[in-house]
Amino acid sequence: MRRGNRFMCRAGQALVLATAVLVFLGAGDNTARFNDLGHHMMCVCGCNQILLECNHVGCSYSDRMRGELMAALDRGDTDDLLMQSFVQKYGTVVIAAPTTKGFNRVAWVMPYFALVFGISVVVYLVRLWKNRPAPALADGIRPVTGAELERFREQAQKETDL
Amino acid sequence: MAQIGSFALLFALALSLYSFGAGALALASPGPGSERLGETARRAGIAVFAAVFLAASVLVAAAFHDDFWIAYIFHHSNRDLPGPYKFATLWSGQEGSLVFWSLLLATYGLVLRLRHKTDQRLFAYASVVIAAVQIFFLLLLNFAAHPFAVMAGSPAQDGNGLNPLLQYPEMVIHPPMLYLGYVGFTVPFAFGMAALIMRYPGEKWIHITRHWTMITWGFLTVGIFLGAHWAYSVLGWGGYWGWDPVENASLMPWLTGTAFLHSVMMQEKRGMLKIWNMWLVFITFWLAILGTFLTRSGIISSVHAFAQSSIGEWFAWFLALSFATFTFFFVKNKSHLKSEHKLESLVSRESSFLFNNLLFVLACFTVLWGTWFPKISEWVQNTKVTVGAPFYNSVAIPVALLLLLLTAVGPLLAWRKTSLESLKRNFLWPSIGALIVGMLMMIFGVRPWKDVAYFYSLMAAMLAVLVALTVISEFVRGGRVIARHTGQNLFASMVHLWHRNTRRYGGYIVHFGVAMVVIGILGTPFNKDAEKEMGFGDKIDIGPYTLVCQSYTQDDNPNYSNEWAIINVFRGGRQITTLYPERRFYKASQQTQTVPRIYPSIKEDLFLVSDLYLVYEGINQDTGRPIIKAHLNPLVPWIWTGLLVIVFGTIVCLVPNAAAIRVTAPARVQAAPVGAGD
């Protein structure tokens with residue numbers, strides 16, 4: 001039992017180690033950071049495209065911006081610092097998505113708020129409609145319920161089966 | 001020519017006004033003579049088509065005759081423009097596209113008015129609603145965006161030419177498809193509004209509009225996909241969807257229209273969701289107009305947007321007026337829209353439709369919110385922000401995955417109630433298949449914990465496989481039952497099966513197509529690219545390919561001059577093709593355009609097919625050598641194949657059902673309260 005526990009403990013440690021190795025593999029690689037950050041910025045030439053995807057012929061902005069991004073990475077700037085410097089130079093429109101600060105948070109929160117609200121409404125409706133009384137049957141027709149209803153369901157399922 | 005066109009538009013406006021006024025009067029005051037008055041209104045509506053058709057024909061003829069007196073032709077055409085693009089001039093600019101919009105609406109109105117005997121009163125109401133929308137567009141054309149305005153002074157020798165981005169064969173098809181979709185939603189809306197105003201009894205209006213809605217949805221779907229394919233093949237950035245506001249504008253009515261196509265079944269089968277459906281059909285129409293407003297007002301910046309103009313205000317007023325009118329009639333007659341049935345179980349087709357509608361509408365809201373947020377931010381904090389792909393990828397993809405899950409689960413749920421036993425029975429094999437695919441992806445190197453994009457890809461792959469397998473299992477299961485009863489082979493039984501309920505099985509085929517599209521999209525995180533200046537014999541290695549520059553050269557014709565490279569593509573040491581990425585300089589418009597070349601590896605990898613995508617980026621002025629960018633985009637061809645399957649499924653849905661086959665029931669049943677399927 002003790003040996004089993006030790007084995008489990010070792011296996012757990014190995015798993016954590018393996019996960020950590022996989023997670024941090026490639027961290028600090030400038031090419032990966034260039035690719036990641038470049039896809040979180042816009043080209044500001046007016047083409048409305050992600051910086052690394054702008055291929056406007058003769059676009060004077062994207063080449064320069066890519067050069068600046070690479071230079072900042074080579075300098076060892078952190079992501080925050082780098083983004084800040086781009087915002088200072090090109091304005092807030094250079095970031096491809098709203099930040100998670102101040103009023104911009106609303107952009108991110110609203111869809112999830114709508115999801116929660118929508119689910120609440122649907123759940124409320126389902127409950128309401130489930131508890132609604134069944135429509136009255138014509139005289140002489142006995143409502144079928146319980147096991148008898150289940151039997152009919154199964155029989156119908158077997159015979160139609162589509 | 002310009003006078004004929006102007007007169008035709010003015011005449012069309014007068015006819016529309018008459019069609020609306022006389023039609024409304026005839027319906028509002030029934031009595032002797034009202035029937036004849038209504039008939040004149042109907043005929044005036046038919047004549048609107050003739051007048052608008054004449055105006056559109058004049059504009060096209062002016063393009064072919066190089067009539068640069070007409071300012072629109074001067075700005076959007078030139079003498080050396082090839083014939084098909086001269087035809088496309090009709091929808092290449094603001095005024096022409098409004099004529100085109102008006103023509104399509106008149107065409108839909110024509111068909112509707114010719115089929116009025118189906119239900120004369122309902123059609124008369126719908127005709128009045130269509131006439132009202134037509135009036136708006138004709139007012140615009142006559143007073144705000146006149147397509148036949150003439151140039152001051154003497155006519156120019158040549159025009160400015162068509163935007164180079166639009167000089168691509170798909171551009172001759174994409175806008176008409178998209179517009180047929182946009183405009184087409186006016187018809188279900190007109191019927192919905194008619195049913196609301198006249199307190200139409202029963203669900204017949206839903207049956208009447210079913211085909212209209214399906215066809216319109218089909219056109220919009222094709223339009224959106226052709227737009228994506230055009231962006232992929234022409235813009236040269238290697239992608240097909242950029243979450244641009246104008247792309248979003250086409251997606252929003254598609255999302256609510258798809259929700260309507262599903263929820264309308266609840267009304268047909270169970271008499272439920274009447275209020276919801278009424279709002280949904282209105283919102284879909286409204287969003288189609290909103291999309292046009294976004295494109296034309298210049299309120300939101302987009303690469304697609306037409307020039308900023310005053311017609312944005314016209315659209316804003318029309319949007320407000322249509323909203324107010326609909327709300328008025330809804331409040332007045334909402335008691336007529338009470339739901340009749342109750343819900344029996346949470347695990348039922350009904351609840352799956354409720355959640356499906358929630359997710360579609362939520363997805364639409366998310367796209368609408370993201371599209372408008374830059375403007376909202378500007379109003380609130382006086383700072384303009386960008387809402388681009390990273391936002392949508394974070395927010396919309398989870399919703400899309402949930403929708404995909406429902407696409408797999410929903411069709412297997414029966415109306416009213418589904419037992420857990422049947423759920424288990426129906427899901428076991430598809431779920432095992434999905435899990436196997438997930439495990440295979442992880443074995444072959446997809447690490448969902450490394451990057452959220454990989455996680456989404458893995459989930460999307462598993463869910464797409466789940467959808468595909470549940471669709472296949474539904475066909476096989478149903479086919480087997482028919483085969484058992486009729487003795488036909490399985491394939492013939494499956495054909496028989498879909499012919500018995502074309503809408504249901506056509507819908508499954510559409511779901512299968514959607515699964516294929518999702519498979520195509522999930523390849524995005526695995527895209528690769530490489531860029532290099534390529535002299536003679538220089539190489540680029542990308543994925544399994546080696547690209548060798550054989551030569552580069554220049555050419556010239558009356559429409560454009562161009563530079564292009566000849567790139568030999570090798571794989572496994574064997575040359576498999578030669579590609580010619582190109583850059584053109586259009587003389588009339590003085591604009592440059594890249595022309596990417598794409599090689600899908602269908603011959604080499606049938607299922608894991610990739611696109612090799614080459615872009616001629618330009619010439620290095622110092623060395624005189626071309627710069628070539630190569631993209632390797634896995635699975636993209638699945639998207640376009642998926643579209644073909646979706647179109648096929650939509651056509652199948654439109655085929656009338658065959659008569660049910662006669663089989664001997666093995667036992668008598670007193671009552672059959674449930675049955676799966678629609």
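Note: hydrogens, waters and symmetry copies are ignored here, and every other heavy atom, side chains too, is used. Convention: sequence-line order gives letters A, B, ...; per-chain numbering from 1.
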Which heavy atom of [X] sits nearest a heavy atom of [Y], and at what distance?
X      : Y      : value
A/A107 : B/F391 : O-CE1, 3.3 Å
A/F103 : B/S377 : CE2-CA, 4.1 Å
B/F373 : A/N104 : CE2-OD1, 3.9 Å
B/L362 : A/A114 : CD1-CB, 3.4 Å
B/L354 : A/V122 : CB-CG1, 4.0 Å
A/M42  : B/T386 : CG-CG2, 3.5 Å

query = CG of A/D63 to CD of B/E617: how many Å apart, nearest 0.5 Å?
reply = 8.0 Å
task = Give, for atom CG of B/N393 and atom NE2 of A/H39, the distance between the pair rounded to the nearest 0.5 Å.
result =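 If we round to the nearest 0.5 Å, B/N393:CG and A/H39:NE2 are 10.0 Å apart.
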inquiry  = For the OH atom on A/Y112, are there more than 12 heavy atoms of other groups (residues, nucleotides or ligands in this structure) within a distance under 6.0 Å?
reply    =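 It does: A/Y112 OH has more than 12 such atoms within range.
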task = Count the heavy-atom pairs under 4.5 Å between each of A/V123, A/L128, A/V126 and chain B, then report the option with the highest count.
result =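 Looking at each option in turn, the highest pair count goes to A/V126.
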task = Select, from A/G91, A/G102, A/A97, the one with the greatest count of heavy-atom pairs under 4.5 Å involving chain B.
result = A/A97
Could you check if a side-chain atom of [X] sits within less than 4.5 angstrom of a side-chain atom of [Y], using non-hydrogen atoms only?
X      : Y      : result
B/V385 : A/I95  : no
A/P98  : B/V387 : yes
B/P390 : A/I50  : yes

inquiry  = Under the side-chain contact (heavy atoms from CB on, under 4.5 Å) test against B/L358, which residue among A/L125, A/I119, A/V121 passes?
reply    =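 In the set A/L125, A/I119, A/V121, the residue that makes a side-chain contact (heavy atoms from CB on, under 4.5 Å) with B/L358 is A/I119.
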key: Part of A/L115 within contact of chain B (heavy atom distance under 4.5 Å)   = both
message = Applying a heavy-atom distance below 4.5 Å, give me the residues of residues 71-78 of chain A that approach chain B, sorted by number.
response = none
